[in-house]
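Note that this is a predicted model, so its numbers are computed, not measured.
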Amino acid sequence: MDLARKAIRGVLVGIAFSSSIYLISKLFSKTLPISKLEIFSVLLLGAFIGLFSLIFEMDEYLSFLAQLIIHFFLSAFTVFIYAYVNNVHVTLIGGSLGFISIYIVVWLIVKSQINHDIKEINQKLSAKKNEDD
């Protein structure tokens with residue numbers, strides 16, 4: 001898949017995750033009204049975090065751990081900018097723990113999907129190899 005397609009896919013996946021997380025958090029929030037600025041900010045937040053996922057395409061230059069750390073801090077910075085722009089008052093500890101929790105859950109979901117895709121590809125390759133024999 002070329003870089004442009006990966007970027008578009010990353011943006012769309014990022015928007016899907018950020019929108020879902022935002023709507024779920026609003027469901028349990030005491031303040032239900034949603035402003036246009038919040039909606040736009042959530043979409044933009046997801047798009048940026050999705051774009052930041054392109055860092056994982058740089059495996060020939062950076063280790064996975066380095067990619068993960070860079071992605072984590074870029075994402076955290078973006079989330080805290082979102083909070084500032086939308087006047088979301090969070091404590092450093094509470095906000096950080098919330099972000100880390102959400103980051104881990106999303107990472108586990110994405111990792112699970114990747115493992116599923118790899119398993120499916122390997123099964124197809126194995127079936128193709130058996131056909132050729």
Side-chain angles (χ1 to χ4, degrees):
M1 192 181 323
D2 66 338
L3 190 60
R5 290 177 90 151
K6 288 179 182 179
I8 291 169
R9 184 172 191 256
V11 166
L12 294 176
V13 168
I15 288 172
F17 272 112
S18 67
S19 300
S20 298
I21 292 166
Y22 178 74
L23 289 173
I24 290 168
S25 70
K26 275 299 194 180
L27 185 64
F28 297 103
S29 172
K30 292 181 175 130
T31 58
L32 198 53
I34 302 171
S35 72
K36 288 182 180 180
L37 176 62
E38 284 178 287
I39 294 168
F40 180 73
S41 298
V42 167
L43 295 173
L44 201 55
L45 168 80
F48 275 115
I49 292 174
L51 276 177
F52 297 154
S53 296
L54 290 177
I55 192 81
F56 295 108
E57 300 298 320
M58 300 181 67
D59 54 357
E60 61 216 34
Y61 303 107
L62 298 169
S63 70
F64 176 74
L65 181 60
Q67 294 167 355
L68 189 62
I69 290 169
I70 292 168
H71 185 266
F72 176 85
F73 281 108
L74 286 172
S75 298
F77 180 71
T78 306
V79 168
F80 286 106
I81 288 176
Y82 163 85
Y84 177 77
V85 167
N86 288 283
N87 293 319
V88 176
H89 301 288
V90 293
T91 63
L92 184 59
I93 303 275
S96 297
L97 289 177
F99 172 76
I100 291 169
S101 299
I102 291 169
Y103 192 89
I104 289 170
V105 168
V106 171
W107 187 82
L108 289 171
I109 291 169
V110 169
K111 180 77 171 142
S112 173
Q113 181 62 48
I114 289 169
N115 287 342
H116 177 267
D117 292 347
I118 289 170
K119 185 178 178 181
E120 198 172 276
I121 290 168
N122 284 337
Q123 287 174 345
K124 288 179 181 178
L125 287 173
S126 180
K128 178 73 172 158
K129 182 180 176 192
N130 290 338
E131 284 176 12
D132 291 341
D133 289 340

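In the hydrophobic cluster analysis, where Ile, Leu, Val, Met, Phe, Trp and Tyr join through side-chain heavy atoms closer than 4.5 angstrom, Phe40 is grouped apart from Leu12. Linking Ile, Leu, Val, Met, Phe, Trp and Tyr residues whenever their side-chain heavy atoms come within less than 4.5 Å leaves Leu74 and Phe77 in two separate clusters. Connection of Ile39 to Val79 is established within a shared hydrophobic cluster, with ILVMFWY side chains joined at heavy-atom distances below 4.5 Å, either directly or through further cluster members. When hydrophobic clusters are built by joining Ile, Leu, Val, Met, Phe, Trp and Tyr residues whose side-chain heavy atoms come closer than 4.5 Å, directly or via intermediates, Tyr61 is grouped together with Phe73. Residues Val85 and Phe80 do not share a hydrophobic cluster, clusters being chains of Ile/Leu/Val/Met/Phe/Trp/Tyr side chains in contact below 4.5 Å.
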Throw together a table of side-chain donor-acceptor distances under 3.5 angstrom for residues 41-52, partners on residues two or more places apart or in other chains.
residue: Ser41; atom: OG; partner: Leu37; partner atom: O; Å: 2.7
residue: Ser41; atom: OG; partner: Asn86; partner atom: ND2; Å: 3.1

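Cluster partners of Val105, by chain and number: Val13, Phe17, Ile21, Ile102, Val106, Ile109, Val110, Ile114, Ile118. The rule joins Ile, Leu, Val, Met, Phe, Trp and Tyr whenever side-chain heavy atoms lie under 4.5 Å apart.
Summarising the geometry of Ser20 relative to Ala16, their closest heavy-atom pair is OG-O, 2.8 Å, with the distance given to 0.1 Å.
The main-chain N or O of Ile15 is found under 3.5 Å from a side-chain atom of Ser18 such that the two form a donor-acceptor pair. Remark: the backbone N or O of Leu97 is paired with a side-chain donor or acceptor of Ser101 at under 3.5 angstrom. Put simply, the side chain of Glu57 never gets that close to the backbone of Leu3: no donor and acceptor are under 3.5 Å apart.
Interatomic distance, Ile69 CD1 to Ile55 CD1, rounded to the nearest 0.5 Å: 11.5 Å.
Phe56 and His71 have tilted rings, their planes meeting at an angle from 30° to 60° on a 0 to 90° scale.
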(request) Evaluate the side chain to side chain contact (heavy atoms under 4.5 Å, CB included) criterion for residues Lys119 and His116: first the C-alpha distance (whole Å), next the side-chain angles of each, then the deciding distance (0.1 Å), finally the verdict. (result) CA-CA 5 Å; Lys119 185 178 178 181; His116 177 267; 5.7 Å; no
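Counting heavy atoms from C-beta on, the side chains of Tyr22 and Ile34 come closer than 4.5 Å.
Checked against a 6.0 Å centroid threshold, the rings of Phe72 and Phe99 count as neighbours.
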